[in-house]
Amino acid sequence: QTYLALKYGIPLSENYIAPNGQVLKAVEQSDFNYRIAGLGKNDLFGLNQKQATSSNTDIFLALGLQTIECTNALNPGQLDDNTYLIWSDDNQPLQFQQRQVLEVPSLERLWEMGVTGDLSEQPTELQIDQNGFELGEEEVLYLVVYEDENRQQKRYHKAHTVTEAGIAVFKNIIWDSDQSGKDYFSFAVGQSLIPNIAAELPQCANSQNGQLQLGAIGGQPPYRFQLNTAGGATIGNWELDDQMDAPTIELAVGTYQLLLTDQSGAQYAETFFFQASDAPMVD
């Protein structure tokens, strides 16, 4: 059953099992049981699946080693024996919503990527039909990879190309770089230049300020950041050539404006309220 499910993209309602009895995906103990598909190689199975998509889907999403070709046999990727990459989603709506401070709207739906074996140096290509999303004229789709289910430690990837048919192509995507065995991913919509901000929220109880680590995706570096108060007074200016040198700013609770500009003159501006993590939730 596991062999057929991976070869033909037919989701199982039972656990995915390797020939040695190893559980590749625990369907019976997971919330991510929808539209399961995967890549894998196992010599005992006679399995060498290098690209796949689920046969049960409400939107086209495919993944392949290195690239996606017309057929599996033409795919040049090579997997080690007993290596698998299996993905599925939580069946949430394909609607965008705002998540965190200075974060572009991401889909409610979240995908889980389970990894068996070492794929930390295996580039993959992901394709998705973006015709199913409501994108503005100047908006683009981003692949967002998270290290955990709570959508923390995110990495944005801008589409390499978009075909005439509206298929967004993301290249050189690496999975499970932290060797945890799992990644999670979703999609976000934004301008061609967006902030990539890591936020640590302030706390009311001990009067502790929060922090923002500045970063950017898309556009052309160097990036220039300007942070203003709600009244328009400039708090500071920063220039960023490399994400490794991203500056960290300490901020109290309050309303601020962030301005981001790249070398070509493209701009992103947002006014945001920096809320305390332990503040009461109100309408």
Side-chain angles (χ1 to χ4, degrees), residues 32 39 61-68 85-90 92 96-115 117-128 130 133 135 139-162 168-201 211-223 225 240-249 258 260 262 266 268 270:
F32 296 88
L39 314 180
L61 188 153
L63 189 77
L65 286 178
Q66 297 187 16
T67 184
I68 294 178
L85 197 65
I86 301 178
W87 60 92
S88 55
D89 68 69
D90 59 2
Q92 294 302 305
F96 291 104
Q97 62 179 11
Q98 195 74 21
R99 283 291 178 180
Q100 295 180 6
V101 173
L102 295 172
E103 186 176 76
V104 294
S106 60
L107 286 179
E108 292 184 32
R109 180 172 297 182
L110 185 66
W111 283 261
E112 178 188 70
M113 179 67 76
V115 181
D118 185 2
L119 284 164
S120 60
E121 296 183 3
Q122 278 275 19
T124 64
E125 177 178 304
L126 185 148
Q127 296 184 7
I128 188 168
Q130 68 176 28
F133 307 130
L135 301 181
E139 291 181 324
V140 297
L141 195 67
Y142 290 87
L143 168 67
V144 194
V145 179
Y146 308 94
E147 290 187 358
D148 60 55
E149 192 174 345
N150 297 319
R151 303 193 185 221
Q152 302 301 312
Q153 301 297 325
K154 56 186 178 293
R155 302 190 304 275
Y156 287 100
H157 300 272
K158 188 178 178 182
H160 183 266
T161 56
V162 178
V169 180
F170 300 89
K171 291 183 175 292
N172 298 317
I173 309 301
I174 300 294
W175 302 100
D176 197 29
S177 56
D178 63 354
Q179 298 287 292
S180 67
K182 278 190 181 158
D183 275 337
Y184 297 83
F185 69 94
S186 189
F187 297 89
V189 60
Q191 302 172 20
S192 58
L193 172 66
I194 62 171
N196 184 19
I197 306 295
E200 183 178 325
L201 298 178
Q211 291 183 336
L212 291 180
Q213 186 178 50
L214 302 180
I217 298 292
Q220 301 175 18
Y223 304 107
F225 296 86
L240 178 62
D241 291 306
D242 190 333
Q243 187 65 41
M244 298 298 293
D245 298 323
T248 299
I249 307 163
L258 180 71
L260 167 62
D262 75 347
Y268 176 97
E270 183 175 346

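Here the structure is a predicted model, which means the values were calculated and not measured.
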For the residue pair V104 and A188, what are the closest heavy atoms and their distance? CG2-CB, 3.6 Å
Rounded to the nearest 0.5 Å, how far does CD of Q213 lie from CD1 of I249? 10.0 Å
What is the ring orientation for Y156 with Y142, classed by angle as parallel under 30°, tilted 30 to 60°, or perpendicular over 60°? perpendicular
Between W87 and F185, does the ring centre distance come in under 6.0 Å? no
Spell out, as yes or no, whether a donor-acceptor pair under 3.5 Å connects the side chain of D89 to the backbone of Q92. no
Taking side chain as C-beta onward, heavy atoms only, is R151 less than 4.5 Å from S106? yes
Check: D262 side chain, Q220 main-chain N or O, donor-acceptor pair, under 3.5 Å: yes
Answer yes or no: is there a side-chain heavy-atom contact under 4.5 Å between E139 and S192? no
Taking all heavy atoms of F225 and all of G215, pick out the closest pair and write down the distance. CZ-O, 3.5 Å
Heavy-atom distance under 4.5 Å between the side chains of I174 and P123, does that happen here? yes
Can you name the side chain to side chain contact (heavy atoms under 4.5 Å, CB included) partners of Q127, sequence neighbours left out? F60, I68, E125, I167, V169
Note: L85 and L119 closest approach over all heavy atoms is CD1-CD1, 3.7 Å
Nearest-0.5 Å distance, NE2 of residue H160 to CG of residue L143: 14.0 Å
Does L193 reach the side chain of Y223, with side-chain heavy atoms less than 4.5 Å apart? yes
Are side-chain heavy atoms of Q130 and V162 found at a separation under 4.5 Å? yes
Would you give the length of the straight line joining atom CD of Q66 to atom CD of Q122, rounded to the nearest 0.5 angstrom? 6.5 Å
Within 6.0 angstrom of E121 CD, more than 12 heavy atoms from elsewhere: no
Heavy atoms only: give me the nearest K154-I197 pair and the separation to one decimal. NZ-O, 3.4 Å
Could you give the distance from CG (L212) to OG1 (T248), rounded to the nearest 0.5 Å? 9.0 Å
Do L135 and V140 have side chains that approach each other closer than 4.5 Å (heavy atoms only, starting at C-beta)? no
Listed once per pair and sorted, the salt bridge (charged side-chain N to carboxylate O under 4.0 Å, His left out) pairs that draw on residues 180-194, sequence neighbours left out: E112-K182
Is there side-chain contact between D176 and D178, with at least one heavy-atom pair below 4.5 Å? yes
Identify the two heavy atoms, one from I128 and one from F170, that lie closest to each other, and give their separation to 0.1 Å. CG2-CE1, 4.1 Å
Which value, rounded to the nearest 0.5 Å, describes the distance between W111 atom CH2 and L63 atom CG? 12.5 Å
At their closest point, which heavy atom of A159 faces which heavy atom of A168, and how far apart are they? CB-CB, 4.2 Å
side-chain contact (heavy atoms from CB on, under 4.5 Å) between Q179 and S120, worked out: CA-CA 7 Å; Q179 298 287 292; S120 60; 3.4 Å; yes
Test side-chain contact (heavy atoms from CB on, under 4.5 Å) applied to R155 and V144, step by step: CA-CA 6 Å; R155 302 190 304 275; V144 194; over 6 Å; no
Can you confirm whether or not the ring centre of Y184 sits under 6.0 Å from the ring centre of F32? yes
Evaluation steps, side-chain contact (heavy atoms from CB on, under 4.5 Å), between F133 and L141: CA-CA 9 Å; F133 307 130; L141 195 67; 3.9 Å; yes
CG on L65 to CG on L39, rounded to 0.5 Å: 5.5 Å
Contact check, side chains of P247 and L240, non-hydrogen atoms, under 4.5 Å: yes
Keeping S186 on the side-chain end and R109 on the backbone end, is there a donor-acceptor pair under 3.5 Å? yes
